[in-house]
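One structure below.
The structure presented is a predicted model; accordingly, all values stated were derived computationally and were not measured. Throughout, residue positions are numbered sequentially from 1 according to the sequence presented.
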Amino acid sequence: MDINRPANVSFFDFIGGVQLLQGEDTRTAVPVILIGICVSGAVGNLLVLLIFIRDFRSGRGSEVKALLASLASTDLMILLLCAPVRAVTYYKQSWTLGSFVCTTTDWFQHSCVIAKTLILAATTRAKHTLVPSTATGPFYSPTWIHGALAFIWIVSMMFPIPQLLFASLVQHGRDTICVSEMPVCASDFMSLFYKIYPTATFVVPAIFTVAYYTKMLHAAVNHAPSPQHQSKVILVLLCLSGALGLLLLPEWGTFTWIRLGYVRPPVGLLIFGQVLLYACSSLSPVILMTMYEDVRQGLIHIWFVATCRSKKRVPNKQCPKTEGNGAEVGANAVVNAQEKTFPDVEHFWTGRRNTHVEEEQDPVPWEREEKML
């Protein structure tokens, strides 16, 4: 990475991944890691979404499940729309995706990351228990859930607007790079903004969520009359919040450090922070599938349904067991042939068995006399 900051800008940072890297190892290893995280995380989040949709259709939804479904959708967008951009950038070592993607990629990724943090914070107000099946009406309140999600996404898309304003394509020799460069005239205001921005969208919500669920878990274990189910749900949400805070900390730290004008962090730390950001989106479905009882039961149900459908498509033909030289096969074939007789032939032989021959009309009387002797 050989590039200097222009004199008329207060900070200079790459967008969509670190570009102009030297070395084939980084060019190969980082895209492979990102693609692996992207594929595994996308499959996990899709399964979680299918399980939550099944729960809502069967009347076993809750407010927490609605918010966790929104969280899985956000993780899915990060993995399918943001991670491939970084993989392509690291492989090409320059920008090849055009000006529109350059302008919007960091803004969209920050919007999704902020939405994740605020959605987890919103789960502190949601109800964790299920309504009995005899109750009428939905257990969760669509009004406040939809309103909360709309507010979260509006805030999440407004805060990173500077990522749209300062993104541009720059020609560097034969290569084109996508960078974020802030003019010196806006440095004073943006310096204050970049102190408030990560604090309001990451630090405060993450600390609040972890502290709230830690307190709730302690109260559920020690004071609740039947703490088993409630404490399990709280433990799942606490693990999700803790994982989000730890895995996003390097990315937020390097982002803020660069924009406050300090010495640029090492390239390895920048790449490590970006990889952890996508690993966070892949880790969330793993936590839900291993710790959340409803998701685990739904995953087992989906597995059984898929297995039964595959068995129905392939007919199960049981062959008879053979012993020795296949005598049993031959005996079974004879028995089956005897059982399968034509109606006309069967009627003929039945008539022959029931026919009574008179003695006067017997054509071979000597045979009957010999039998009597």
Side-chain angles (χ1 to χ4, degrees), residues 1-6 9 11-24 26-39 41-42 74-116 156-157 159-182 194 197-198 247-248 250-259 264-282:
M1 185 177 63
D2 184 16
I3 189 169
N4 298 320
R5 184 176 71 182
V9 300
F11 79 84
F12 187 89
D13 188 24
F14 290 104
I15 289 180
V18 182
Q19 299 155 55
L20 303 178
L21 291 173
Q22 303 295 330
E24 291 295 327
T26 305
R27 179 183 178 182
T28 305
V30 176
V32 170
I33 294 173
L34 291 179
I35 292 172
I37 292 174
C38 177
V39 173
T74 307
D75 284 330
L76 197 61
M77 288 190 292
I78 292 175
L79 293 171
L80 294 181
L81 299 179
C82 300
V85 174
R86 269 67 182 176
V88 172
T89 302
Y90 281 114
Y91 180 74
K92 295 292 185 179
Q93 297 186 1
S94 61
W95 191 259
T96 58
L97 300 176
S99 59
F100 177 76
V101 179
C102 173
T103 305
T104 57
T105 179
D106 258 24
W107 168 80
F108 182 75
Q109 178 169 292
H110 274 250
S111 299
C112 293
V113 171
I114 296 170
K116 281 183 58 175
S156 301
M157 290 187 291
F159 259 107
I161 284 179
Q163 302 299 106
L164 284 170
L165 301 178
F166 299 141
S168 62
L169 290 175
V170 176
Q171 198 69 26
H172 181 75
R174 296 181 178 180
D175 299 322
T176 302
I177 58 176
C178 181
V179 298
S180 177
E181 48 184 8
M182 183 177 64
Y194 282 123
Y197 173 48
L247 295 179
L248 295 185
E251 172 66 16
W252 276 110
T254 55
F255 174 84
T256 307
W257 188 267
I258 292 174
R259 277 149 183 80
R264 188 177 185 84
V267 177
L269 182 59
L270 296 175
I271 299 175
F272 181 68
Q274 293 180 6
V275 171
L276 288 184
L277 186 148
Y278 303 119
C280 179
S281 297
S282 298

_Using 30° and 60° as the class boundaries, would you call the ring planes of H110 and Y197 parallel, tilted or perpendicular?_
parallel
[X] [atom1] to [Y] [atom2] distance, which is reported to the nearest 0.5 Å:
X: C38; Y: L81; atom1: SG; atom2: CG; answer: 9.0 Å
X: W257; Y: L270; atom1: CH2; atom2: CG; answer: 12.5 Å
X: D75; Y: S282; atom1: CG; atom2: OG; answer: 8.0 Å
X: R174; Y: S94; atom1: CZ; atom2: OG; answer: 12.5 Å
X: W252; Y: L277; atom1: CH2; atom2: CG; answer: 9.5 Å
X: T96; Y: Q19; atom1: OG1; atom2: CD; answer: 9.0 Å

Look at the side chain of [X] and the backbone N and O of [Y], then say whether any donor-acceptor pair between them is shorter than 3.5 Å.
X: S111; Y: S156; answer: yes
X: W95; Y: T89; answer: no
X: T254; Y: E251; answer: yes

*asked:* Could you walk me through whether K116 and S281 satisfy the side-chain contact (heavy atoms from CB on, under 4.5 Å) test, starting with their C-alpha distance in whole Å, then the side-chain angles of each, then the deciding distance to 0.1 Å, before giving a yes or no?
replied: CA-CA 9 Å; K116 281 183 58 175; S281 297; 3.6 Å; yes
_Is any side-chain heavy atom of T26 closer than 4.5 Å to one of I271?_
yes
*Less than 4.5 Å apart, any side-chain heavy atom of S180 and any of R259?*
yes
*asked:* Against V85, only a single residue in I15, L97, L34 fulfils side-chain contact (heavy atoms from CB on, under 4.5 Å); can you say which?
replied: L97
Determine the minimum heavy-atom distance between [X] and [Y], stating which atoms define it.
X: Q93; Y: L21; answer: OE1-O, 2.9 Å
X: G41; Y: L79; answer: C-CD1, 3.4 Å
X: I78; Y: C112; answer: CG1-CB, 3.4 Å
X: A115; Y: T74; answer: CB-CG2, 4.5 Å
X: L80; Y: A42; answer: CD2-CB, 3.9 Å
X: Q274; Y: G17; answer: OE1-CA, 3.8 Å

*asked:* Would S168 and V179 count as a side-chain contact (heavy atoms from CB on, under 4.5 Å) here? Give the steps.
replied: CA-CA 6 Å; S168 62; V179 298; 4.1 Å; yes
*Applying side-chain contact (heavy atoms from CB on, under 4.5 Å), run through D13 and R264 and close with a yes or a no.*
CA-CA 9 Å; D13 188 24; R264 188 177 185 84; 3.2 Å; yes
*Taking atom types as modelled, find out whether Q109 and Y278 have a side-chain donor-acceptor pair closer than 3.5 angstrom.*
yes
*After noting the C-alpha distance and the side-chain angles of R86 and T105, does the key distance pass the side-chain contact (heavy atoms from CB on, under 4.5 Å) rule?*
CA-CA 10 Å; R86 269 67 182 176; T105 179; 2.8 Å; yes
*Hey, what do you get for C178 versus C102: SG atoms under 2.5 Å apart or not?*
yes
